[in-house]
Amino acid sequence: MIALVGCLLTFQLTAQDDLLDMLDEGQEETTDYTIATFKTTRILNGHSIETNAEGVLMFVVGHRFGRLSSGINELFGLDNATIRLGFEYGVTDNLDIGIGRNSFEKTLDGFAKYKLLRQSTGKRKMPVTMTALATMALKTNKWAEPGRENFFSSRLYYSYSLLVARKFNKMFSFQLAPMLVHRNLVASTEDANDVFVLGIGGRAKLSGSLAVNLEYHFIVPGAISSKVYGEDVQNALSLGVDIETGGHVFQVFFTNSRGTTDKLFATETTGDWLKGDIHIGFNITRVFTMYDAQKKRRNKGK
Amino acid sequence: MLIMKNLILILTTLAIFSTLTVDAQKFYTRDGQISFFSSTPVEDIKADNYQVSSVLNSEGGAIVFSVLMKGFEFEKALMQEHFNEKYVESDEYPKATFKGAIADWENVSMEEDGEVEVTVNGSLNMHGVSNKVEQKGTLTIKDGAVVAAKSVFNIVLEDYEIKIPALVRENIGEEVEVTVEMEYKIYGN
């Protein structure tokens with residue numbers, strides 16, 4: 001009798017498994033898109049492949065203090081800060097646009113960012129996410145040499161990047177970002193208008209809400225020879241952490257650059273890590289969901 | 001003689017089973033809806049999944065559900081990302097499944113149209129953790145078929161080892177209310 005009951009129970013259990021199998025069998029294979037390669041749209045100074053989702057407005061405050069090497073009299077750089085205030089908006093899930101103003105050289109900037117490929121597994125397989133980025137910067141401070149004839153176009157800078165990133169596992173993500181910076185006006189004939197820079201960035205997640213990020217911008221030699229504010233231009237190196245709380249991401253880092261705009265950190269970084277020319281930097285982001293894009297799409301489909 | 005008796009018993013059993021099999025119907029859906037709702041003084045969070053699969057077997061009342069975690073849609077894209085990335089870890093545990101049975105299936109008469117209260121028990125697997133659950137639900141019978149099922153119950157996140165970091169504990173409830181709404185079709189039709 002017990003055996004019979006046992007038999008029936010097993011029958012019942014396998015019956016349930018069969019039902020689950022039945023559900024799996026008829027299921028079409030779906031594409032599983034990788035999410036959260038990076039926590040926010042910046043790795044530290046530079047852009048990441050991430051874009052804001054449709055209908056999401058992001059407010060970004062970027063702060064770069066002075067140099068640690070400036071000593072106690074400047075409170076290790078804290079007395080001297082530059083700030084960038086910016087807005088970014090997800091027009092679609094793949095198209096992100098942004099504007100900002102940096103107090104450094106009173107620079108206005110704007111950018112457009114488009115996600116070309118999304119890393120995925122399943123039905124559609126794609127090893128990387130690829131995002132194209134174009135930025136523009138406008139220096140609005142007073143002309144350095146007001147005596148000569150100055151053109152508005154001389155205030156303009158452009159950059160074009162192709163960001164390619166892969167999330168290897170839930171911990172590690174890596175990004176390569178070849179970039180071309182175009183400067184309409186350069187300091188001397190020795191300087192090229194076009195500078196090629198290779199950005200390399202990575203993150204290692206320590207917990208759900210904490211990650212360590214590293215970023216390096218390597219300038220292909222030969223393009224820049226003039227000094228910037230009396231100092232040689234360096235490759236930008238930044239190391240910091242992401243801390244995430246709900247709708248905010250705080251990034252706190254050390255960097256030898258005071259740039260929050262692409263052309264600034266890529267081609268005008270002058271700090272020397274070995275001499276302690278290190279800036280403490282913050283990025284604080286807050287997102288606001290303007291409308292529920294998924295719901296809108298769902299209602300449209302009906 | 002004893003052998004004969006046993007043989008008859010076996011044959012009768014088989015006969016009963018086979019009639020049952022002939023009459024057995026499966027009710028299924030691939031676009032069932034599961035929603036959950038978490039409420040705290042700081043924030044209400046709601047998510048809907050419109051791609052839930054489920055089968056109910058009229059033979060014995062076995063019932064299963066399969067839920068793709070990435071199918072949950074949130075009002076805020078960032079919440080959806082955090083849900084998948086940090087809380088339910090969808091890459092590692094892509095699906096939640098429930099397998100169980102309607103305990104009082106014998107009391108469900110397919111002859112009468114209308115709603116019947118039932119008790120479902122079984123095992124819910126989510127985030128790699130299985131728990132025994134027993135919940136009340138309602139079946140809707142129409143024209144000799146189960147056309148709908150509904151249930152509302154609470155899940156304690158800790159039971160499934162879903163950890164909420166201290167920084168957002170005020171925003172996310174420890175318990176979430178789950179609403180299950182299925183509309184079944186007859187399998188094979």
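These values consider heavy atoms only, across backbone and side chains, with no hydrogens, waters or symmetry-generated copies. First the proteins, then the strands, lettered A, B, ... as listed; each starts at 1.
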- Message: Please rank P94(B), S90(B), G122(B), S53(B) by heavy-atom pairs under 4.5 Å with chain A and give me the top one.
- Response: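 If we count pairs closer than 4.5 Å to chain A, S53(B) comes out on top.
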- Query: Do you know which of M79(B), K26(B), E75(B) has the most heavy-atom pairs with chain A at a distance under 4.5 angstrom?
  - Reply: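 The candidate making the most pairs under 4.5 Å is E75(B).
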Measuring from atom [atom1] of [X] to atom [atom2] of [Y], what distance do you get when rounded to the nearest 0.5 angstrom?
X: T30(A); Y: K70(B); atom1: OG1; atom2: NZ; value: 9.5 Å
X: Q294(A); Y: D48(B); atom1: CD; atom2: CG; value: 9.5 Å
X: N57(B); Y: D18(A); atom1: CG; atom2: CG; value: 9.5 Å
X: E85(B); Y: K170(A); atom1: CD; atom2: NZ; value: 9.0 Å

Quick one: closest heavy-atom pair of [X] and [Y], and the distance?
X: K167(A); Y: D91(B); value: NZ-OD2, 4.4 Å
X: R30(B); Y: M22(A); value: NH2-O, 3.9 Å
X: L20(A); Y: K99(B); value: CD1-CD, 4.0 Å
X: L19(A); Y: I63(B); value: CD1-N, 4.5 Å

Select one option (side chain, backbone, both, neither) describing which atoms of [X] are under 4.5 Å from chain A's heavy atoms.
X: N171(B); answer: neither
X: K163(B); answer: neither
X: S54(B); answer: backbone
X: F65(B); answer: backbone
X: K76(B); answer: both
X: E43(B); answer: neither
X: S66(B); answer: both

Over 12 foreign heavy atoms within 6.0 Å of [atom1], [X]:
X: K185(B); atom1: NZ; result: yes
X: Q80(B); atom1: CD; result: yes
X: E175(B); atom1: CD; result: yes
X: R286(A); atom1: CZ; result: yes
X: F254(A); atom1: CZ; result: no
X: M171(A); atom1: CE; result: yes
X: K115(A); atom1: NZ; result: yes
X: E112(B); atom1: CD; result: no

- Message: Below 4.5 Å, heavy-atom pairs only: which of D32(A), T34(A), V56(A) has the largest tally toward chain B?
- Response: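 Ranked by contacts with chain B, first place is D32(A).
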- Below 4.5 Å from any heavy atom of chain B, which atoms of E244(A) appear? Answer side chain, backbone, both or neither.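 Both backbone and side chain.
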- K296(A) portion near chain B, given a 4.5 angstrom heavy-atom threshold: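 The answer is neither part of K296(A).
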- Contact residues of residues 202-212 of chain A (partner chain B; heavy-atom separation under 4.5 angstrom):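 Listed by number: R203(A), K205(A), G208(A), S209(A).
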